[in-house]
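In what follows, chains are A, B, ... by sequence order, proteins preceding strands, each numbered from 1. As a basis for the values below, the full set of heavy atoms in this structure was taken, side chains included, without hydrogen atoms, waters or symmetry mates.
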Number of protein chains: 2
Amino acid sequence: MKAWQETQLQALQSIQCAHQLFQTILSFSKELGFDHCAYGLRMPLPLTNPKTLMFNNYPTAWQAQYQAKNYLAIDPTVQHAMRSLLPIIWTDDLFSPASDLWEEACSFGLRVGWAQSSRDFNGFVGMLTLARSNEPITEIELDANKFKMAWLTQVAHLGMSRCLTPKLMQEVNVTLSNREIEVLRWTADGKTSSEISCILNIAERTVNFHINNVVTKLNAANKTSATIKAAMLGLL
Amino acid sequence: MKAWQETQLQALQSIQCAHQLFQTILSFSKELGFDHCAYGLRMPLPLTNPKTLMFNNYPTAWQAQYQAKNYLAIDPTVQHAMRSLLPIIWTDDLFSPASDLWEEACSFGLRVGWAQSSRDFNGFVGMLTLARSNEPITEIELDANKFKMAWLTQVAHLGMSRCLTPKLMQEVNVTLSNREIEVLRWTADGKTSSEISCILNIAERTVNFHINNVVTKLNAANKTSATIKAAMLGLL
DNA sequence: GTCGATAGTGTCAAATCTGACAGACTTACG
DNA sequence: CGTAAGTCTGTCAGATTTGACACTATCGAC
């Protein structure tokens, strides 16, 4: 347990394969007393259909069930994780809006769990879940381990997003010029092209030129979409 | 040091005044061996001029200097914090692009420091800095305390943003109807009103009606600005 | 049973954006 | 000295958005 931090940081920095990284995370979660571990990464875009990648060592049948019934959309732990950075512990109360899910999870031996999320500057949200079948999480255990659990959440996110982001979201690799950023920021703040042309002392045509370049670079359908993409991915 | 976690969480949940909360954070930072502490909170909007709130117990003269020379805009620790969730330690290298700032900080007895940021679901970025005048941060110290420092970053952010967000950014209090969210998501993904009307099987006029309501609610100048605001504040 | 929030629809003129035509100037880099 | 990237500018037609006019209907709360 001494080598925790070094090993983690090494893994974080060196491992290039997400599956391999997950195995490392899993081994840490076992050291913390949890047989099961799940890591999910949700991309910020598109807003109408944000993709989520999942890694876990849950029973295969439960994984299939979860997928088939689209439990991701109603899982209360996920909903919490999308709104708050605070850790959350599985309770009957928490799962009351999704009793089916809860009962089935229990039937697969997933009765005790803890989850926390994190969000990076590209807008990616990562969620780490640690779970086991029995042995409720005690106050004492929590006090002893919550620092490490929170840390693991961070480390897992940093590693996972480093591995996955560039492939999943080409747009994060795009670089915008200073002028493009400037114009796009004003656009995001609700200025029209002609207003921006006054602010920056250039022709309206030039403003539209820059905007059009960004639209092309980000593969967007129009100005609004381009602005959203750039802002959500932290390009502005 | 035993009561760390309880006290922190209590403070986090109960204290309503940001200054009072900062005093609590400061006391923890002292327990961790740092005389000085700074907490900054940056709001996500407006993009052309994002406001930042600062709390710290630095020498008054240094605070004035920092403000007067607008060091916030070039501070390498801030720039790092805006791009990465990883903690960072003050080094000569780090400050080489801002040697003036670094020399002046040293002259005020701020030579050793550590900083980490976090980002919440409203897009607010918080940054915690722990500093002292001498005694370099050793590997051993870091290994012993980095979990707690990361934790404190989180706790500070949760408390501070709870205190400050509702006042600073009225828009976070706005609630959008389901239909408004739906329409706005499609808008963010680059669909035109007429396209959305097809997708949702309603009249184009109705789409514009919903969009206009959101524009009004969020006090935005137009569709693009409203969409950005909603997306950045996690309303979508 | 009225009130408020939500959802839906119509028309029309002016403002704004989009796309496609094409070209010029500067700066950094090799 | 050429080349690439970034910045800047022009015109014009057609699509889209915006703002202001009104109106109907449902649903839950008081």
Check the distance between [N]'s [atom2] and [X]'s [atom1] and give it to me in whole angstrom.
| X | N | atom1 | atom2 | result |
| --- | --- | --- | --- | --- |
| Lys191(A) | dA15(C) | NZ | C1' | 16 Å |
| Ile196(B) | dT16(D) | CD1 | C1' | 12 Å |
| Glu195(B) | dA15(D) | CD | P | 13 Å |
| Asn208(A) | dT11(D) | CG | P | 14 Å |
| Glu204(B) | dT18(D) | CD | P | 12 Å |
| Phe209(A) | dA5(D) | CZ | P | 13 Å |
| Arg179(A) | dT26(C) | CZ | C1' | 14 Å |
| Asn178(B) | dA5(C) | CG | P | 16 Å |

Of Asn201(A) and Lys217(A), the one whose nearest nucleotide on DNA chain D sits closer to the 5' end is Lys217(A)

Contacts of Asn213(A) and Ser193(B) projected onto DNA chain D by closest heavy atom; the upstream (5') one is Asn213(A)

Measuring to OP1 and OP2 of [N], would you say a side-chain N or O of [X] lies under 4.0 angstrom away?
| X | N | value |
| --- | --- | --- |
| Thr206(A) | dT9(D) | yes |
| Ser194(A) | dA15(C) | no |
| Ser177(B) | dA7(C) | yes |

Of the listed dT7(D), dG10(D), dC17(C), the closest approach to the Ala203(A) side chain comes from dG10(D)

Regarding the side chain of Ile202(A), the nearest nucleotide among dC17(C), dC8(D), dT17(D) is dC8(D)

Look at the aromatic rings of Tyr39(B) and His157(B) and report parallel, tilted or perpendicular, splitting at 30° and 60°.
tilted

Check: Angle class for the Trp62(B)/Phe108(B) ring planes (parallel below 30°, perpendicular above 60°, tilted otherwise)?
Finding: tilted

Looking across every strand, which nucleic acid part, if any, lies under 4.0 Å from Asn222(A) by heavy atom: base, sugar-phosphate, or nothing? sugar-phosphate

Run Asn56(B) and Gln63(B) through side chain to side chain donor-acceptor pair (under 3.5 Å) and show every step you take. CA-CA 8 Å; Asn56(B) 64 66; Gln63(B) 288 183 39; 2.9 Å; yes

Nearest-nucleotide check on DNA chain C, Arg205(B) vs Leu176(B); residue mapping nearer the 5' end is Leu176(B)

Is the closest side-chain donor-acceptor distance between Thr77(B) and Asp75(B) under 3.5 Å? yes

Arg83(A) and Gly234(B) have their tightest heavy-atom pair at NH2-O, 3.3 Å

